[in-house]
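Convention: sequence-line order gives letters A, B, ...; per-chain numbering from 1.
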2 protein chains.
Amino acid sequence: MQRGQESPDAVKVRTLPVQVAAHLTRRIVSGGIEDGRAPSELDISREFGVSRVVARETLKILASLDIVDVAQGRRVVVRPRAEWDYLSPLLVEWLPSETVGELLRELHQLRALLEPELAAMAAASATDETLDRLKVQVDRMSELESEPDAYLEVDHEFHMEICRAADNRILDRIMYSARWLGTTSRRVTNEAPAGLHRATAQHTEIYEALVARDPAGARTAMRRHLSNNYSTLLAENEQKTKRADRRR
Amino acid sequence: MQRGQESPDAVKVRTLPVQVAAHLTRRIVSGGIEDGRAPSELDISREFGVSRVVARETLKILASLDIVDVAQGRRVVVRPRAEWDYLSPLLVEWLPSETVGELLRELHQLRALLEPELAAMAAASATDETLDRLKVQVDRMSELESEPDAYLEVDHEFHMEICRAADNRILDRIMYSARWLGTTSRRVTNEAPAGLHRATAQHTEIYEALVARDPAGARTAMRRHLSNNYSTLLAENEQKTKRADRRR
DNA sequence: TGTCATCAGCTTATAGGACAAGTTGGGTAC
DNA sequence: GTACCCAACTTGTCCTATAAGCTGATGACA
């Protein structure tokens with residue numbers, strides 16, 4: 001395993017347990033661990049050349065992601081893949097990019113179910129302070145169209161703000177977890193998202209429906225925005241695939 | 001802190017780190033920790049009389065729930081409460097029962113947004129195998145109306161099965177996390193849920209709409225079922241409150 | 001022969017001590 | 001006044017030892 005000091009100014013090396021957990025997860029995903037039998041603390045310690053403490057924390061991480069079950073006296077067992085915590089950015093980072101692409105589609109489906117309704121609810125119930133903050137964010141986005149990273153940050157905050165109007169911690173949490181879409185989708189497409197100008201126009205449209213207290217309009221605007229977002233993503237994936245083909 | 005051996009046949013004593021994490025979370029919730037400064041590993045070790053290993057795992061647990069931020073060299077800081085992982089059964093268990101009641105309402109709102117659409121989608125896309133399994137579950141529920149625990153188990157599986165028809169891991173995960181509703185709502189109401197017979201009728205109604213490949217019907221049936229569920233829950237809370245009042 | 005209790009061996013849980021490495025802030029040199 | 005540096009604090013990792021829980025096999029007894 002790679003220690004911190006051995007990689008001077010790399011992207012940011014995580015702790016050993018995280019590195020080992022990543023290795024093990026990838027091995028599980030690629031079918032390298034048969035019939036659910038996961039390695040024990042000692043196995044991990046020996047194989048990766050880390051202390052038992054690190055091996056232990058590795059298992060705790062995997063357990064917290066519902067990847068394995070660990071209990072005193074019993075062997076560690078791999079849990080059904082359907083129950084893993086796919087909302088965790090850590091897990092998503094360890095998955096192969098095709099899987100991440102699928103998850104992106106699935107996340108889009110979830111957002112398409114939730115956000116139009118959230119927008120409609122916000123149109124009915126948002127406070128003036130919320131609307132003010134949304135205004136500020138829309139303005140900032142129009143200034144940031146040439147800086148995708150900063151743009152997507154504000155973009156995320158805009159959607160979070162609308163979600164918060166529902167005053168629902170569980171919804172907040174889900175939308176908050178969706179933050180990895182921003183970072184991960186860029187990892188997949190490996191380029192700045194296109195069409196930020198159009199996105200700003202759509203955000204403005206949503207904002208104006210909220211100000212007009214028009215639930216149906218907000219719902220429609222949000223729906224349009226999300227489906228546009230998604231087709232942009234698909235198009236970028238398409239391009240990426242084509243480039244990859246050309247290189248072959 | 002209570003060791004395992006000191007409580008012979010209690011409900012099931014968790015590990016020390018979980019116990020300590022529960023204490024700390026409750027303290028944070030009740031405002032016992034000012035300006036976001038959380039105790040360090042050594043603080044925890046000293047105060048609770050546990051080893052540094054346990055104190056360390058405690059912090060890791062809190063970090064995995066997004067309750068605190070921990071990094072080498074820096075002090076542990078408490079994160080904004082809005083970003084905590086309220087989908088985690090562990091956290092929910094540590095929260096005061098009023099908060100849990102609120103979360104139950106919020107969870108209902110989420111399900112009301114998702115499940116009618118999921119039912120509609122399932123009506124369009126569910127396989128015959130899925131429908132078969134749903135049939136079995138409806139039948140079992142009608143047999144289990146006098147055993148609430150077992151009933152709620154199958155109930156949960158029924159809703160999961162419909163969700164799975166969407167073939168969406170993130171949605172699966174969210175619905176899976178909703179499992180704690182079953183256990184937690186009973187913790188709040190402290191009694192067996194009423195109206196299981198009516199619930200079975202509604203499940204049947206949903207199932208029949210799916211078999212008939214009738215999306216609109218499935219959506220309506222699911223909506224009715226959920227709102228009935230929720231009003232039953234409210235009624236039980238009402239009763240509980242009344243009984244508590246009488247005892248005073 | 002079948003059933004059940006017991007125990008050995010494996011596994012995780014907890015403890016204590018030591019050192020490495022990152023962060024912060026204050027103090028010193030210029 | 002500024003910039004650098006270092007000391008103190010904090011988490012990260014390692015080592016070793018013991019407690020406690022589970023599993024499966026062994027063996028006693030009916």
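- Not a single side-chain hydrogen bond (donor to acceptor under 3.5 Å, both in side chains) links A:Gln72 to another residue, sequence neighbours left out.
- The listed nucleotides are C:dA15, D:dT13, D:dT11; the one nearest the side chain of B:Val76 is D:dT11.
- The distance from atom CZ of A:Arg75 to atom P of C:dT12 is 8 Å, rounded to the nearest whole Å.
- Residue B:Arg56 places its side chain closer to D:dG12 than to any other of C:dA13, D:dC14, D:dG12.
- For the side-chain hydrogen bond (donor to acceptor under 3.5 Å, both in side chains) test, no residue two or more places apart in sequence or in another chain qualifies with A:Gln137.
- In this structure, the salt bridge (charged side-chain N to carboxylate O under 4.0 Å, His left out) partners of B:Glu153, at least two apart in sequence or on a different chain, are B:Arg179.
- Near DNA chain D, meaning a heavy atom under 4.0 Å away, the residues from residues 58-74 of chain A are A:Gln72, A:Gly73, A:Arg74.
- Scanning for side-chain hydrogen bond (donor to acceptor under 3.5 Å, both in side chains) contacts around B:Arg105 gives an empty result, with sequence neighbours left out.
- Here salt bridge (Lys or Arg N to Asp or Glu O under 4.0 Å) pairs that include residues 16-30 of chain A, with residues two or more places apart or in two chains, are A:Arg27-A:Glu47.
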Please assess A:Leu171 against B:Glu106 for the test side-chain contact (heavy atoms from CB on, under 4.5 Å), listing each intermediate value before the final yes or no. CA-CA 8 Å; A:Leu171 277 165; B:Glu106 295 169 16; over 6 Å; no

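- Regarding A:Arg46, its CZ atom lies at a distance of 14 Å from the P atom of D:dC15, rounded to whole Å.
- Computed from coordinates, the A:Gln19 CD to D:dT13 C1' distance equals 12 Å when rounded to whole Å.
- Side-chain nitrogen and oxygen atoms of B:Ser51 include none within less than 4.0 Å of the OP1 or OP2 phosphate oxygen of C:dT14.
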Show me the protein contacts with nucleotides 17-19 of chain C, counting only N or O atoms at under 3.5 Å.
residue, atom, partner, partner atom, Å
C:dA18, N6, B:Arg52, NH1, 3.2

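- Among residues two or more places apart in sequence or in another chain, the salt bridge (charged side-chain N to carboxylate O under 4.0 Å, His left out) test is passed with B:Arg75 by B:Asp43.
- The number of heavy atoms from other shown groups lying within 6.0 Å of CZ (B:Arg140) does not exceed 12.
- Computed from coordinates, the B:Glu41 CD to D:dC9 C1' distance equals 12 Å when rounded to whole Å.
- Look at CG on B:Leu16: it is 13 Å from C1' on C:dT12, rounded to the nearest Å.
- Two residues, B:Leu42 and A:Val54, neighbour DNA chain D, and the one matched to the more 5' nucleotide by heavy-atom proximity is B:Leu42.
- Considering only residues two or more places apart in sequence or on other chains, A:His159 meets the ring-ring contact (aromatic ring centres under 6.0 Å, His included) condition with A:His203, A:His225.
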